[in-house]
Amino acid sequence: MKSFYITTAIDYVNGSPHLGHAYEKVLTDVIARFRRLMGDQVHFLTGTDEHGQKVQQSARKRGIPPQQLCDEVSAEFRALCAKLNISNDDFIRTTEERHKKVVRAVLQQLFDKGEIYKAEYRGFYSTRQEQFLQEKDRLPDGSWPEIYGEVTEIVEPNYFFKLRAYQDWLVEFLRGHENFIFPRYRQKQVLEFLKEPLNDLCISRPRERLEWGIPLPFDENYVTYVWFDALINYYSAVVDKPGIWPATFHVIGKDILMPPHAVYWPIMLHAAGLALPQGLLAHGWWMTSGAKMSKSTGNALNPLDLVDEFGVDAFRYFLIREMNVGQDSDFTREQFLARYNSDLANDLGNLINRTLNMTNRFGGAQVPAAEVAEEPEREVHALWDKTRDEALTLCEGFQFHAALERTFIFIKSINAYIEKRAPWKLGKSVEAADQALLRTSLATMAEALRLAAALLRAVMPATTDKINSVLGYTPGAVWREELNWGNRLVGAKVAESLVLFPRPAPTPPAVGNKPAGPKS
RNA sequence: GCCAGAGUAGCUCAGUGGUAGAGCAGAGGACUCAUAAGCCUUUGGUCGCCGGUUCAAUCCCGGCCUCUGGCACCA
């Protein structure tokens, strides 16, 4: 079985989960579920990044130990995974011993090889904020903003990793692996960036400034800083699990593609003699009216509430259907409702319910066998084969939004097929030919629905299960075989009815000067 | 400033060297198994702006405008 190891970025615990985190987890989960269905041996890792200045400061502000803060927030991210029905196999925290051990081992190894050296770091330091500032922090007139207090240029000994020595190697590597980064144009960006010489990477902070971190194994007066801690989680989580490394894909936000994942990480691995991942998948951001969606912007709408209101599958469907992986998308309640009502409630949900109803009313609650295959049936069969083939290809290329689009075209075609056959008319006829057509139409709509549901499995797993359940069907172990048109449902006893995606109560018209709707 | 991506119907987007397509929204119709859902028909666009190449450009070239992102030790 082919091994497929996929990761999300680990989330920094200095803030609560928001839509961006949710999207990355859902996207990665859909890929993981899809690969499992395709027969790969999948290992899916997510987790939390827990060290650093900001965590230390936040904990101090609240008067609690940093570990307690990490425990609290990390639990929130775990809860998010559960809420979103994420199928991760492991959840790593950078404060776990299994991780720290590996970070120290890798650092020691690189130090012994001479890849890490001590030198002086020079920069502008804000005592009040306890951090070094960058040129871009300056005001246009060259002075430093008030919040930094007194800023002084200081020189501090630190440890550096020899990034620059590997710059040419990295350029060669990327030229030789054109599909290393998805989407492709991002790889060009990285190569463009690499035309400028790299500086070596400062990987340490003195302990008197930063306590909350992993001590360098070769100098306990320092802790390692950010990347040698965070990135190594991908490796530390599986170091004792044979057959998983290297990663197949790291799914990350475009904001941490360059330089960390596209430059530091490959060089770190190469320098340490470890195999490189097959690829990086950089996704875009959700925006609201052009503004990045995050907690700090104080957007009134909390998209995660939609999970409680409409169910996790509806939420997952929206994220995957609406976002073209790699690009940015807008998130509005209106767009969500449009998708929910049109695709899920009207097209799919209603199709399920009417299929159950008709099977009960005209078929004695049992799926009959198809007896004829005339033009309408042949059209549905042909469209299914085309839909399945295209959808699989699209999913393999991360074009899930397009795969869902095709799938829903097929679902709509089932509705159209039903109108063509009009079983409610056939049901009134006593002619043998009409009765055969009736049985055929009931069989066809049920089978088409089963197939459509199977194709949705990676995106809406609970929905697929429910549809199978009301169709009285238990799917077989091999998903690919489930995608073939057949007669598996013949004789199945179907449920009476199912309203899967109930239409939301109509919003009261926003007229007059009444106060806005009830606050719950 | 440099680099990259994007500017196509009210909205979200697809697309091709030969005077443009889908879904949603809007309008009309026939039906009734169904979540007043579904089905059929339909309105709607000088394809960002200006030039050029071509018999012909939305798609090729040049310039410009606008939006988004990256530009290093910052998550």
Sugar-phosphate, base or nothing in reach of [X], heavy atoms under 4.0 Å:
{"X": "Tyr225(A)", "value": "sugar-phosphate"}
{"X": "Pro423(A)", "value": "nothing"}
{"X": "Leu500(A)", "value": "base"}
{"X": "Phe408(A)", "value": "nothing"}
{"X": "Leu198(A)", "value": "base"}
{"X": "Val226(A)", "value": "sugar-phosphate"}

Is the number of heavy atoms from other residues, nucleotides or ligands within 6.0 Å of CD (Glu431(A)) greater than 12?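 Counting neighbours around CD of Glu431(A), 12 or fewer heavy atoms of other residues, nucleotides or ligands fall under 6.0 Å, so no.
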Base versus backbone protein contacts along nucleotides 21-26 of chain B [heavy-atom cut-off under 4.0 Å; B, S, -]: ---S--
Would Arg503(A) and Asn346(A) count as a side-chain hydrogen bond (donor to acceptor under 3.5 Å, both in side chains) here? Give the steps. CA-CA 8 Å; Arg503(A) 287 195 131 249; Asn346(A) 295 350; 3.2 Å; yes
For nucleotides [N] and [M], find the distance between their [atom1] atoms and express it as a whole number of Å.
{"N": "G29(B)", "M": "U35(B)", "atom1": "P", "value": "24 Å"}
{"N": "G44(B)", "M": "C2(B)", "atom1": "P", "value": "43 Å"}
{"N": "G38(B)", "M": "C24(B)", "atom1": "P", "value": "8 Å"}
{"N": "U43(B)", "M": "G7(B)", "atom1": "C1'", "value": "25 Å"}
{"N": "G63(B)", "M": "C74(B)", "atom1": "P", "value": "37 Å"}
{"N": "A22(B)", "M": "C47(B)", "atom1": "C1'", "value": "15 Å"}
{"N": "G62(B)", "M": "U54(B)", "atom1": "C1'", "value": "16 Å"}
{"N": "C59(B)", "M": "G15(B)", "atom1": "P", "value": "15 Å"}

What I want to check is whether an N or O donor and acceptor connect the side chain of Gln189(A) with the base of G70(B) at under 3.5 Å.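 No.
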Residue matched to [N] through Watson-Crick or wobble contacts both under 3.5 angstrom:
{"N": "G26(B)", "result": "U42(B)"}
{"N": "G21(B)", "result": "C13(B)"}
{"N": "C71(B)", "result": "G1(B)"}

Angle between ring planes, [X] versus [Y], binned at 30° and 60°: parallel, tilted or perpendicular?
{"X": "Phe173(A)", "Y": "His177(A)", "result": "parallel"}
{"X": "Trp169(A)", "Y": "Tyr166(A)", "result": "perpendicular"}
{"X": "Tyr234(A)", "Y": "His261(A)", "result": "tilted"}

May I ask you to test the Arg421(A)-Glu377(A) pair for a side-chain heavy-atom distance under 4.5 Å?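 In contact.
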Side chains of Arg406(A) and Lys386(A): does their closest heavy-atom pair fall under 4.5 Å?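 When only atoms from C-beta onward are counted, Lys386(A) and Arg406(A) do not touch, as no gap falls below 4.5 Å.
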Chi angles and distances behind the side-chain contact (heavy atoms from CB on, under 4.5 Å) call for Phe182(A), His283(A): CA-CA 8 Å; Phe182(A) 179 95; His283(A) 66 247; over 6 Å; no
Starting at atom [atom1] of [X], determine the distance to atom [atom2] of [N], rounded to an integer number of angstrom.
{"X": "Trp212(A)", "N": "A75(B)", "atom1": "CH2", "atom2": "P", "result": "17 Å"}
{"X": "Tyr340(A)", "N": "A37(B)", "atom1": "OH", "atom2": "C1'", "result": "13 Å"}
{"X": "Ile181(A)", "N": "G70(B)", "atom1": "CD1", "atom2": "P", "result": "15 Å"}
{"X": "Glu192(A)", "N": "C3(B)", "atom1": "CD", "atom2": "C1'", "result": "5 Å"}
{"X": "Lys195(A)", "N": "A72(B)", "atom1": "NZ", "atom2": "P", "result": "17 Å"}
{"X": "Met268(A)", "N": "A72(B)", "atom1": "CE", "atom2": "P", "result": "20 Å"}
{"X": "Leu344(A)", "N": "A34(B)", "atom1": "CG", "atom2": "C1'", "result": "17 Å"}
{"X": "Lys254(A)", "N": "G69(B)", "atom1": "NZ", "atom2": "P", "result": "6 Å"}

State whether Arg503(A) places a side-chain N or O below 4.0 Å from either non-bridging phosphate oxygen (OP1 or OP2) of A37(B).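 Affirmative; the distance criterion is met.
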Side chain of [X]: nearest nucleotide among [options]?
{"X": "Ala416(A)", "options": "A34(B), C40(B), C33(B)", "value": "C40(B)"}
{"X": "Glu196(A)", "options": "C39(B), U35(B), A72(B)", "value": "A72(B)"}
{"X": "Asp49(A)", "options": "G38(B), A72(B), A75(B)", "value": "A75(B)"}
{"X": "Ile256(A)", "options": "A75(B), U35(B), C33(B)", "value": "A75(B)"}
{"X": "Asn415(A)", "options": "C39(B), G5(B), C33(B)", "value": "C39(B)"}

Test side-chain contact (heavy atoms from CB on, under 4.5 Å) on Val155(A) and Tyr121(A) and set out the steps. CA-CA 6 Å; Val155(A) 173; Tyr121(A) 182 88; over 6 Å; no
Can the ring centroids of [X] and [Y] be said to lie less than 6.0 angstrom from one another?
{"X": "Phe77(A)", "Y": "Phe91(A)", "result": "no"}
{"X": "Tyr264(A)", "Y": "Phe161(A)", "result": "no"}
{"X": "Phe318(A)", "Y": "Trp286(A)", "result": "yes"}

Comparing Leu498(A) and Tyr264(A) on RNA chain B - which has the more 5′ nearest nucleotide: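 Nearer the 5' end of the strand: Leu498(A).
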If you assign Arg205(A) and Phe501(A) each to the RNA chain B nucleotide with the nearest heavy atom, which residue ends up on the more 5' nucleotide?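 Upstream on the strand: Phe501(A).
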Could you write out each protein N or O paired with an N or O of nucleotides 13-16 of chain B at a distance under 3.5 Å?
none

